[in-house]
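As structure tokens, the structure follows; a few thoughts come after it.
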Protein chains: 2
Amino acid sequence: MQYVTIKDIARALNVSVATVSRAFNDKYDIKKETRELILEKARELGYKPNPIARKLLQKHSYNVGVIVPEFINSFFPEVIIGIQQVFLEKGYQVIIMQSNESAETELENLISMENNMVEGLLISLSKDTRNMDYLEQLNRDRFPVVLFNRVNETLPVSKVVFNDYKWALFATEHLIEQGYKKIFHLSAPRCLTLSKNRINGFKKALEKHRLPCSEAQIIETGILIEDGERVMEQLISSGNVPEAIFATNDPCALGAMKALKKHGYKIPGDIGIVGFSNSKMTEIVEPSLTSVAQPTTEMGKIAARLLLEQITGTGNADPKTILMEGSLIVRNSSIREKQS
Amino acid sequence: MQYVTIKDIARALNVSVATVSRAFNDKYDIKKETRELILEKARELGYKPNPIARKLLQKHSYNVGVIVPEFINSFFPEVIIGIQQVFLEKGYQVIIMQSNESAETELENLISMENNMVEGLLISLSKDTRNMDYLEQLNRDRFPVVLFNRVNETLPVSKVVFNDYKWALFATEHLIEQGYKKIFHLSAPRCLTLSKNRINGFKKALEKHRLPCSEAQIIETGILIEDGERVMEQLISSGNVPEAIFATNDPCALGAMKALKKHGYKIPGDIGIVGFSNSKMTEIVEPSLTSVAQPTTEMGKIAARLLLEQITGTGNADPKTILMEGSLIVRNSSIREKQS
DNA sequence: TTGTAGGCGTTATCAC
DNA sequence: GTGATAACGCCTACAA
């Protein structure tokens with residue numbers, strides 16, 4: 001790709017490479033005419049500075065990397081928008097890669113990010129990720145890393161997470177307040193920290209209100225519409241339909257709703273539903289879906305600022321965990337007339 | 001970030017840098033013991049090869065870039081999955097950037113991609129993009145570029161597009177066959193080629209069936225739920241409600257549906273609706289939404305293969321345009337009992 | 001104002 | 001098997 005170099009220009013003009021170089025970095029003294037002559041020639045030959053060579057000297061790539069497990073759901077795209085807002089403003093470019101929920105691809109992404117000399121990394125772990133060796137090594141080498149949303153408990157780096165426990169508890173309590181008693185939780189893969197926290201919040205709410213709480217009420221489902229649909233179909237065909245469902249995210253809730261409606265169940269009459277992440281679809285579906293709103297773009301901004309602090313060396317270097325709060329948006333899928 | 005170099009290792013072990021280098025690239029002869037000694041020392045010092053320096057010699061980055069305008073809608077994420085499938089398999093990493101529908105950010109992305117030495121570029125243009133100078137220059141320099149979905153007519157590079165004209169025509173004809181007469185089209189920004197094609201297909205269908213076809217029936221709307229909702233609200237409040245709507249994408253159609261339902265219109269009784277892109281939501285909403293299915297992931301794969309051909313220099317170098325076909329998935333939002 | 005020369009970290013081609 | 005040394009493309013003291 002790179003054919004023309006400053007040498008070619010220098011040769012063509014019978015000047016030294018240093019002069020040519022200076023013509024492009026105008027902090028040096030250089031005669032206006034030679035300068036223009038050089039720029040002219042450069043244009044003629046189609047010269048473009050080789051960024052690789054430049055980076056070998058200056059140790060600044062002004063790149064940061066973001067690795068997310070997927071962007072089929074709207075959650076991560078929204079977070080990324082926040083990340084970009086912060087970094088573009090500071091002159092950094094954001095390189096995005098997706099691991100496709102595969103630990104293997106994630107590792108490849110990680111290595112590739114390093115090869116591209118990113119100055120810092122924002123990661124949301126894939127659901128398959130168990131091995132933290134590479135990230136641990138990176139962290140030991142004092143490479144700036146911030147985890148968000150899908151985090152690992154043990155890695156001593158800064159993290160930005162949602163208060164999943166609390167809002168799972170609130171969401172479940174809301175269902176309880178509506179008079180639902182047999183409540184199930186459709187969970188994301190249990191290996192994720194956020195799943196554990198939501199499960200714990202769910203359990204706590206049931207306990208607090210002295211409702212039955214068995215492991216059978218927590219069903220590892222997935223995060224796609226199809227997952228919610230499949231699990232709900234199973235529950236229906238096994239005759240084990242709950243009175244209410246707290247789903248780990250909106251697509252999962254929507255899938256469950258789809259199956260329920262297909263089989264003639266009335267929502268919220270027969271069964272109440274609450275989702276998570278307050279996606280656009282909550283207001284499109286009928287009945288509209290009650291959901292926990294998460295500040296996605298804000299989460300991106302906060303994670304980005306945390307990383308920026310590490311990169312620029314400003315602020316406290318100690319890893320911190322930011323716990324973000326949200327709100328429960330109550331819509332029709334969960335409002336049952338109180339039995340008096 | 002990069003502190004330890006092969007020089008440090010060489011000094012520490014009293015060997016030459018050449019030997020150290022050889023220890024890492026095992027295609028050369030080197031005594032096993034020295035080799036292990038070096039690797040050991042490298043681990044001890046925390047040495048990592050500098051990929052930048054390496055790239056200066058070998059001109060291969062094994063990176064390709066993808067620039068998309070947004071990934072809030074599921075369309076581009078699905079395309080990207082196809083792109084990744086092709087490139088990961090061939091050992092390339094895919095760098096994703098999003099222009100956020102801004103021509104300025106797109107240009108920054110473009111420059112940044114070059115700085116990261118991608119070997120080729122897949123681009124779907126932002127809706128603001130007018131100036132093609134940079135891309136034209138890139139193309140003149142024989143840099144591999146493939147445009148997909150959001151393309152520019154004049155740029156002589158390979159393109160992968162959907163047959164928007166034909167499927168817009170089919171979608172509109174479907175509404176006509178259902179007996180709808182006053183049909184409106186909610187369009188994406190008109191500057192996009194795909195908008196123009198869909199508009200032309202829409203017009204052609206009306207013409208063919210001798211239905212009225214004025215400019216007022218084509219409303220530049222946008223591509224988000226909010227856009228469809230806003231435009232439909234305006235139509236309703238101005239009393240100018242059509243019998244059917246062909247929307248440029250599903251979110252836009254869903255937004256229109258939301259407004260219509262809110263005001264008590266019956267779908268498909270009072271008004272029929274067809275969307276575009278067959279997103280997951282089509283089956284969640286009530287009534288389910290008729291939509292044109294596009295082979296998104298397949299589009300990504302094809303674009304990726306086209307780019308790969310250019311990068312590796314295999315295949316014909318002439319720019320070609322691949323026209324992709326889809327299908328109309330008829331659901332409830334557009335099925336009216338035939339008037340007899 | 002311009003040229004010379006050394007260096008960034010690595011690989012590759014020579015010798016030895 | 002190993003060590004010099006010259007590249008890769010660019011920048012920058014230092015000299016001239």
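So that the names make sense, note that chain A is the first sequence line, chain B the second, and so on, each numbered from 1. Source: prediction; values computed, not measured.
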Let me know the distance between CZ of B:R54 and P of C:dG9, rounded to the nearest Å.
14 Å
With respect to the phosphate group of C:dT11, does any side-chain polar atom (N or O) of B:S21 fall under 4.0 Å of OP1 or OP2?
yes
Neighbour count >12 (heavy atoms, 6.0 Å) for atom CD, A:E104
no
Minimum-distance nucleotide to A:Y47 side chain [options: D:dC10, C:dG9, D:dG3]
D:dC10
Which nucleotide wins on minimum distance to the side chain of A:R22, given the candidates C:dA5, D:dG3, D:dC14?
D:dC14
Which nucleotide in the set D:dG9, C:dG3, C:dT2 lies at the smallest distance from any side-chain heavy atom of A:I30?
C:dT2
Side-chain N,O (B:T19) to OP1/OP2 (D:dG3) below 4.0 Å:
yes
Check the angle between the aromatic planes of B:F71 and A:F71 and answer parallel, tilted or perpendicular using the 30° and 60° thresholds.
parallel
Please report, rounded to the nearest Å, how far the P atom of D:dA7 is from the CG atom of A:N50.
18 Å
Rounding to a whole Å, what distance do you find between B:N25:CG and C:dT10:C1'?
9 Å
Measure from CD1 on B:I52 to C1' on D:dC8 and round the result to the nearest Å.
13 Å
Any idea which of D:dC14, C:dT10, D:dC8 is nearest the A:K7 side chain?
D:dC8
Heavy-atom nearest nucleotide on DNA chain C for A:R35 versus B:V20: which residue maps closer to 5'?
A:R35
For A:L56 and D:dC10, what is the distance between atoms CG and P respectively, to the nearest whole Å?
12 Å
Over 12 foreign heavy atoms within 6.0 Å of NZ, B:K320:
yes
Ion pair check, A:E70 and A:K127, cut-off under 4.0 Å:
no
Rounded to the nearest angstrom, tell me the gap between atom CD1 in B:I6 and atom C1' in D:dT5.
13 Å
Side-chain N or O of B:T5 versus OP1/OP2 of C:dC8: is the shortest distance under 4.0 Å?
no
Return yes if some donor-acceptor pair links the side-chain N/O of B:D141 with the main-chain N/O of B:F143 below 3.5 Å, else return no.
no
Is B:L57 touching bases, backbone alone, or none of the nucleic acid, heavy atoms closer than 4.0 Å?
base
By nearest-nucleotide position on DNA chain D, the 5'-leaning member of A:V17 and B:K31 is B:K31
Would you kindly give the CD1-to-P distance between B:I38 and D:dT2, to the nearest whole Å?
8 Å
Can you tell which of C:dT10, D:dA4, C:dT4 lies closest to the side chain of B:P49?
C:dT10
Starting from C1' on D:dC11, measure out to NZ on A:K55 and report it in whole angstrom.
16 Å
